[in-house]
Amino acid sequence: MSNTSVAIVVCCLGLAGCLPQRAQVTMLQAPEIAAAAAYKSVSVARFSGNYGDSLSLAVENAMINARVQGKPVYRSVNRAPDGRSLGGDNRSLAGAARSQGSDALLIGEVTLAGIQEQRRSTTQYVCDQSANPKKLISKCVSGRAVSVPCLARTASMQVQVRLIDARTGNTVFGQAIGKQANSEACGNDSPADGRVLLGQTQAAVVEEILRKIVPHELSMAIALMDPDEQIRSPVNKERFAGAIRFATGGRLDRACEMLREVYEQERESLALNYDLGVCEEAAGAFWRANEHYRTADRLATSPNALITAALARNEENLRKAGAMAKVRADLVKTERLEAGAAPQTITRANSPPAFSQPTQAPVNIAPDALFVGQRSALVIGNAKYRRSPLPNPANDARAMASELRKAGFQVIAVEDAGLHRMHAAIDEFGRAIKPGGAAVVFYAGHGMQVSGENYLIPVDADLKRESDVQSMTLNLATILRKLEDSKSRVNVVILDACRDNPFARSWRSSGRGGLASIDAPTGTVIAFATAPGKTAEDGVGPNGLFTTHLLRQIRIPNQKIEDVLKNTRKGVAADSRNEQIPWDSSSLTGDFYFKVSTNNVAAKMDAAAPAETPADSAVVAKRTLAVGNRPVASGTNSRPQEAASGAGSSGSLFDSLKGQFRTQD
């Protein structure tokens, strides 16, 4: 027997071992009708036509029970006044919805609902005598063909639905939705009952309506990879295998915890990076998932179908999460996008808030300088250039991302990014910035100036001539325009990109190194690792000289951004014997602090916040949905257990504000 035949036999005997292990992962799905995602309250009118009452009630109940990451999609679902149907005028229908406090009104007409039966006959061969009747497999010696009656039963339902915007009276969605359910039996068997089939059909119609207009979650099975040869330690390999067993046994939370522990020692494993990508994807940390998937892709020596599918799927996740965050930030748990929290929701009923109310009086920091819940950051570290790679930028970016997360920032971080990934990160960052909030950009890597313009260089840039710069690099102005369009109140741009540029040494117009001087737009401070036209050294430690001192100053609470940069400049100048002098340009009109002491923050938050019970991550917040004026359902909104990196740092803004965030409709 050939080796191939042996493999086939073994696979058939133990089929589970021949198939990839799979874990169930739940993904956020935006509705197909994008405009419908913005509605927080909906009225459902009684559908006209046969079975209209039953169908509209089923849709109403499904909307009441709709959940995204454990949170109700709608703050209220109301029963619209009777007599409203497709024949009504849009303006009067919209007015009825507004009177109930609804953002939209769903109306419908059942145009077809019924059960049909069809009889036919078929021919079956009946065996009269078997050669070995007592054996499992026996040959028929003689037989005959007989005619057998069959009954086919079909349930059909078709409904014309329309979703009307209560504010404008415009129809944002209108479609005829039809579904069928079939059952057939021959001989002495009977097909499924018609009422059962009609119930299945109605459920399919309701599911289709929700898929069109309601944000929802989709559970899918994602293949995992077994430990590979890149896992050097036998102990780590066994722990990796144990994590896979947990994942396939329904404990993805425990599996991811074990995989992260292995990753601390084994970072160059294709399988480990891929499986951690699945963990981060399941947790909603799509940017971290992207980094792990791309690392796995880099480690692969040939195309891998699982990685290719994961990259495409996760890119769609990023797009959907970004689109949802624009209109329903209350449904997208932005603190999880980069926190890497375990994909498990833990509900502890009747738990007390995990903080005590402060009593100390505020000192001198205004609440609006804290930008609570309005902090966004983009961190890029480019090191693995084809020509002249750099030792520190990846370490600089990781350290900065960690420090910003501790300070309460939602961080979008990328390493060794090509031009496409840099643009994608900037677009996602633009969606994450809160109007009136604070935005920070940190870049470490190669940069250059050409004709007075500053360009950040992707790792895939192959610059052979000066004319390649505009098409292969990222103009700093692109980031500044994104900040301006976002309407953020305070912007901080930090550029550790003043190293000697290897690409431009032979270009005639590039006689100066470093970056060019630039005036900061209103509300922005731009910090450079060294003075305009000068270059900076990478340093001899794990971080560059500039970033080392910057991180040190960021960790000190109660320093305004101006003091952080000034003290950084002093430290760099002293260590470099005045060879490197950091420089900044500022047009800030307000105060901004990376970190403040716990007492200052807590006291200011206590003074500024309205008197209501804070919602900690472990506290269950109850909501009641109403149909008309009567309460019909009470749901719990459980927030996931958070495990943000470095959340235990003393004096961090994240710690001092933990438990201060409140649920919002």
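Contact check for Leu57 versus Arg79: side-chain heavy atoms found under the 4.5 Å cut-off. You'll find the side chain of Cys279 stays beyond 4.5 Å of the side chain of His292, heavy atoms only. The shortest side-chain heavy-atom distance between Tyr74 and Val214 falls under the 4.5 Å cut-off. Side-chain contact between Val161 and Lys212: absent, with no pair of heavy atoms (C-beta onward) separated by less than 4.5 Å. Taking 4.5 Å as the limit, some side-chain heavy atom of Arg260 sits within range of a side-chain heavy atom of Cys256. Within the 4.5 Å cutoff, no side-chain heavy atoms of Glu291 are placed close to those of Glu280. Residues Phe409 and Val379 have side chains not in contact (no heavy-atom distance under 4.5 Å, counting atoms from C-beta outward). Annotation: side chain of Val196 is in contact with side chain of Gln200 (closest heavy-atom distance under 4.5 Å).
Asp275 places no side-chain N or O within donor-acceptor distance of the main-chain N or O of Leu259, the cut-off being under 3.5 Å. Side chain of Ser486 to backbone of Gly430: no donor-acceptor contact under 3.5 angstrom is found. Here the side chain of Arg328 pairs a donor or acceptor atom with the backbone of Val73 at under 3.5 angstrom. The closest donor-acceptor contact from the side chain of Arg162 to the backbone of Ile107 lies at 3.5 Å or more, if one exists at all. Checked by atom type and distance alone, the side chain of Lys434 pairs as donor or acceptor with a backbone atom of Ala432 at under 3.5 Å. Counting only distance, with no hydrogens or angles, the side chain of Asn65 and the backbone of Asn61 share a donor-acceptor pair below 3.5 Å.
Atom OG1 in Thr111 sits 11.0 Å away from atom CG in Asn50 (nearest 0.5 Å). A distance of 9.0 Å separates OG of Ser99 from CG of Asn78, quoted to the nearest 0.5 Å. Between the CG atom in Leu272 and the CG atom in Asp226 there is a gap of 12.5 Å [rounded to 0.5 Å]. Put simply, NZ on Lys40 and OG on Ser76 are 11.5 Å apart, with the number rounded to the nearest 0.5 Å. The CD atom of Gln29 sits 5.0 Å away from the CG atom of Leu218 when rounded to the nearest 0.5 Å. Here CD of Gln180 is found 7.5 Å from OG1 of Thr201. Values are rounded to the nearest 0.5 Å.
The number of heavy atoms from other shown groups lying within 6.0 Å of CG (Asp485) is above 12. By the neighbour-count criterion of 12 heavy atoms within 6.0 Å, atom CD of Glu316 is densely surrounded, having more than that number from other residues, nucleotides or ligands. No more than 12 heavy atoms of other residues, nucleotides or ligands lie within 6.0 Å of CD in Gln116, so this atom counts as exposed by the packing criterion. Annotation: Glu117, atom CD; neighbour count of heavy atoms from other residues, nucleotides and ligands within 6.0 Å is above 12. Annotation for Arg298: atom CZ counts as buried by contact number, over 12 foreign heavy atoms lying within 6.0 Å. No more than 12 heavy atoms of other residues, nucleotides or ligands lie within 6.0 Å of CD in Glu315, so this atom counts as exposed by the packing criterion.
Nearest approach of Ser102 to Ala166, heavy atoms of both residues: O-CB, 3.3 Å. Contact detail for Leu224 and Ala23: the closest heavy-atom pair is CD1-CB, 3.9 Å. Between Ser156 and Leu198, the shortest heavy-atom distance links the atoms O-CD1, 4.0 Å. The heavy-atom pair separating Asn314 from Ala289 by the smallest distance is OD1-CB, 3.7 Å.
Under the 3.5 Å distance criterion, with hydrogens and angles disregarded, a donor-acceptor pair is assigned to the side chains of Ser219 and Gln24. With 3.5 Å as the limit, one finds a donor-acceptor pair spanning the side chains of Thr171 and Asn90. Looking only at atom types and distance, the side chain of Gln410 has no donor-acceptor partner in the side chain of Ser376 under 3.5 Å away.
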task: Apply salt bridge (charged side-chain N to carboxylate O under 4.0 Å, His left out) to the pair Asp193 and Arg153, showing each step before the final yes or no.
output: CA-CA 8 Å; Asp193 184 86; Arg153 189 169 286 152; 5.3 Å; no

task: Report the C-alpha separation of Arg294 and Leu311 in whole Å, then their side-chain angles, then the decisive distance to 0.1 Å, and conclude whether the side-chain contact (heavy atoms from CB on, under 4.5 Å) test is met.
output: CA-CA 8 Å; Arg294 291 196 176 276; Leu311 286 169; 3.7 Å; yes

message: Would Asn182 and Leu197 count as a side-chain contact (heavy atoms from CB on, under 4.5 Å) here? Give the steps.
response: CA-CA 7 Å; Asn182 304 290; Leu197 291 176; over 6 Å; no

- request: Apply side-chain contact (heavy atoms from CB on, under 4.5 Å) to the pair Ile209 and Leu106, showing each step before the final yes or no.
  value: CA-CA 10 Å; Ile209 293 174; Leu106 181 69; 4.3 Å; yes

- prompt: Stepwise, does the side-chain contact (heavy atoms from CB on, under 4.5 Å) test hold for Asn273 with Tyr263?
  reply: CA-CA 8 Å; Asn273 274 281; Tyr263 185 71; 3.6 Å; yes

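Paired with Ser43 under the rule side-chain contact (heavy atoms from CB on, under 4.5 Å), one option of Leu105, Asp103, Leu93 passes, and it is Leu105. Under the side-chain contact (heavy atoms from CB on, under 4.5 Å) test applied with Phe173, the options Ile164, Ile33, Asp165 reduce to a single match, Ile33.
Here Arg120 pairs with Glu184 in a salt bridge; the nearest charged N to carboxylate O distance falls below 4.0 Å. With salt bridges taken as basic N to acidic carboxylate O contacts below 4.0 Å, none links Lys179 and Glu207.
Using bins of under 30°, 30° to 60° and over 60° for the plane-to-plane angle, the ring pair Tyr274/Tyr293 lands in the tilted bin.
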